Amino acid sequence: MDARTATSKQLEVQRIVDVLSRAIAQHRLRPGTRLVEAQIVEALKANRNHVQAALQRLALQRIVTIEPNRGALVAQPDAAEAREIFVARRAIERAIIECITPAAMRKYRQQIQGHIQSERKATSANDRRDIVRELSEFHLLLGRVSGNQVLSEILANLMVRSSLIVALYQRNDVPSCASDEHEQIISALEQGDRERAVRAMIAHLDELESQLDLDGSLTPEVDLRKALADL
Ligand SMILES: [Zn+2]
């Protein structure tokens with residue numbers, strides 16, 4: 001295989017990884033959905049080997065689970081993993097904000113303003129899929145503004161896994177991020193107040209985590225005793 005073939009194969013595998021990640025992040029593919037190779041081959045007009053390689057890569061990223069007899073499934077993170085993802089997001093998104101300079105905010109001014117507009121539009125149109133996409137895009141955009149590629153890559157993975165968590169554990173069927181909380185983060189950054197921006201981001205992530213029902217996995221004994229206590 002020459003270098004050019006290797007590159008085009010890598011690009012094709014990456015394309016499949018991107019499409020599947022996007023579909024999972026936007027809740028088009030729910031946690032636990034079977035990812036049938038033949039269907040992906042057909043839907044994406046892709047080669048079977050490339051689809052297999054893409055599924056392997058997504059499995060390494062914990063976005064897909066490969067089970068010996070059932071093939072590939074969209075991952076179903078448990079409550080403990082959900083909590084760990086939020087601990088990781090607090091660390092990574094704090095670091096991202098600490099990297100954002102006033103100069104970077106000026107450079108990305110138009111994109112940021114454009115994004116805030118799309119977020120408001122999606123929220124007022126009440127299109128759930130658009131809302132999920134736009135709200136998650138805000139966090140990824142801050143990653144790009146930070147200029148730190150490594151933090152951005154780690155965040156991209158955490159955002160897809162966060163979408164799985166929201167699909168599994170969100171208490172109400174409401175959008176997980178509040179637009180005004182995003183705007184507070186932006187306004188602090190525009191004023192060059194990174195400490196306030198970090199506090200706003202941490203409060204925002206705490207709020208997101210508090211909307212999840214991660215205690216539903218209480219041991220049945222505890223639930224049963226509680227449930228029967230007053231009878
Ligand atoms: Zn948010």
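Keep in mind that what you see is a predicted model, and the values were worked out from it rather than measured.
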Exercise. With a cut-off of 6.0 Å (strictly less than), are more than 12 heavy atoms of other residues, nucleotides or ligands near CD of E195?
Worked result: no
Problem set entry | Nearest-0.5 Å distance that lies between atom CD in E119 and atom CG in D130 | 11.5 Å
Exercise. What distance do I165 atom CD1 and L158 atom CG have between them, rounded to the nearest 0.5 Å?
Worked result: 9.0 Å
Problem set entry | Heavy-atom closest pair, residues I92 and L155 | CG2-CB, 4.2 Å
Exercise. Going from CZ on R196 to CD1 on I97, what distance comes out if it is rounded to the nearest 0.5 angstrom?
Worked result: 11.5 Å
Problem set entry | Single-linkage hydrophobic cluster, 4.5 Å side-chain cutoff, V150 and L141 together | yes
For this session: Sequence neighbours left out, what passes side chain to side chain donor-acceptor pair (under 3.5 Å) with E190? Give chain and number order.
Result: Q113
Exercise. Are the side chain of R83 and the backbone of L214 linked by a donor-acceptor contact shorter than 3.5 Å?
Worked result: yes
Exercise. Would a distance-only check, ignoring hydrogens and angles, find a side-chain to backbone donor-acceptor pair under 3.5 Å from T33 to L29?
Worked result: no
Exercise. Do S152 and L140 have side chains that get closer than 4.5 Å, going by heavy atoms?
Worked result: no
Exercise. Is F86 linked to F138 within one hydrophobic cluster, defined over Ile, Leu, Val, Met, Phe, Trp and Tyr using a side-chain heavy-atom separation of less than 4.5 Å?
Worked result: yes
Exercise. Would I202 and I85 show up in the same hydrophobic cluster when neighbours are defined by side-chain heavy atoms closer than 4.5 Å?
Worked result: yes
Problem set entry | Short side-chain to backbone donor-acceptor contact, R28 and R22, under 3.5 Å | no
Exercise. Do the non-hydrogen side-chain atoms of S210 and E207 ever get within less than 4.5 Å of each other?
Worked result: yes
For this session: Any pair with a residue in residues 93-103 that passes side-chain hydrogen bond (donor to acceptor under 3.5 Å, both in side chains), sequence neighbours left out, goes on the list, sorted by first then second residue, please.
Result: R89-E93, E93-H139
Problem set entry | From D193 atom CG to R199 atom CZ, the distance as rounded to the nearest 0.5 Å | 6.5 Å
Exercise. Between Y169 and P77, which heavy-atom pair has the shortest distance, and what is it?
Worked result: OH-O, 2.8 Å
Exercise. How far apart are the closest heavy atoms of H50 and V13, and which atoms are they?
Worked result: O-CG2, 4.0 Å
For this session: Show your working on side-chain contact (heavy atoms from CB on, under 4.5 Å) between L20 and L55 and close with a plain yes or no.
Result: CA-CA 9 Å; L20 290 174; L55 291 173; 4.1 Å; yes
Problem set entry | Carboxylate-amine/guanidinium contact E84 R161, below 4.0 Å | no
For this session: Check whether any side-chain heavy atom of Q76 lies under 4.5 Å from a side-chain heavy atom of T65, and answer yes or no.
Result: no
Exercise. Within a strict 4.5 Å, meaning less than it, do heavy atoms of the I131 and N126 side chains meet?
Worked result: yes
For this session: May I ask you to test the S163-I24 pair for a side-chain heavy-atom distance under 4.5 Å?
Result: no
For this session: Would you name the heavy atoms of V166 and L212 that are closest together and state the gap between them?
Result: CA-CD2, 4.3 Å
Exercise. Among pairs that include at least one residue of residues 53-62, which meet side-chain hydrogen bond (donor to acceptor under 3.5 Å, both in side chains), considering only residues two or more places apart or in two chains?
Worked result: Q14-R57
For this session: List for me each residue that meets side-chain contact (heavy atoms from CB on, under 4.5 Å) alongside S118, sequence neighbours excluded, and say none if there are none.
Result: E134
Problem set entry | Lys/Arg-Asp/Glu bridge criterion (N-O < 4.0 Å) met for D206, R90 | yes
Problem set entry | Short N-O contact, E137 and R144, less than 4.0 angstrom | yes
Problem set entry | side-chain contact (heavy atoms from CB on, under 4.5 Å) assessment of Q211 paired with R171 | CA-CA 6 Å; Q211 291 171 18; R171 272 183 234 276; 5.7 Å; no
Problem set entry | Value rounded to 0.5 Å, distance of OG in S21 from CG in L58 | 5.0 Å
Problem set entry | V74 versus R30, closest heavy-atom pair with distance | CB-O, 3.4 Å
Exercise. Is D18 paired with R15 through a side-chain N to carboxylate O contact shorter than 4.0 Å?
Worked result: no
Exercise. Between CG of L142 and CG of L189, what distance do you get to the nearest 0.5 Å?
Worked result: 6.5 Å
Problem set entry | Closest contact, heavy atoms only, V64 versus A72 | CG1-CB, 3.9 Å
Problem set entry | I100 backbone acceptor or donor facing S146 side chain under 3.5 Å | no
Exercise. I16, I66: one ILVMFWY side-chain cluster at the under-4.5 Å cut-off?
Worked result: yes
For this session: Would you kindly confirm whether L205 and V160 end up in one hydrophobic cluster when ILVMFWY residues are joined by side chain heavy atoms under 4.5 Å apart?
Result: no
Give every donor-acceptor pair under 3.5 Å between a side-chain atom in residues 104-111 and any protein atom, sequence neighbours left out.
none

Which atom pairs, one a donor and one an acceptor, fall under 3.5 Å between side chains of residues 38-46 and the rest of the protein, sequence neighbours left out?
none

Exercise. Are H182 and H204 close enough that their ring centers fall under 6.0 Å?
Worked result: yes
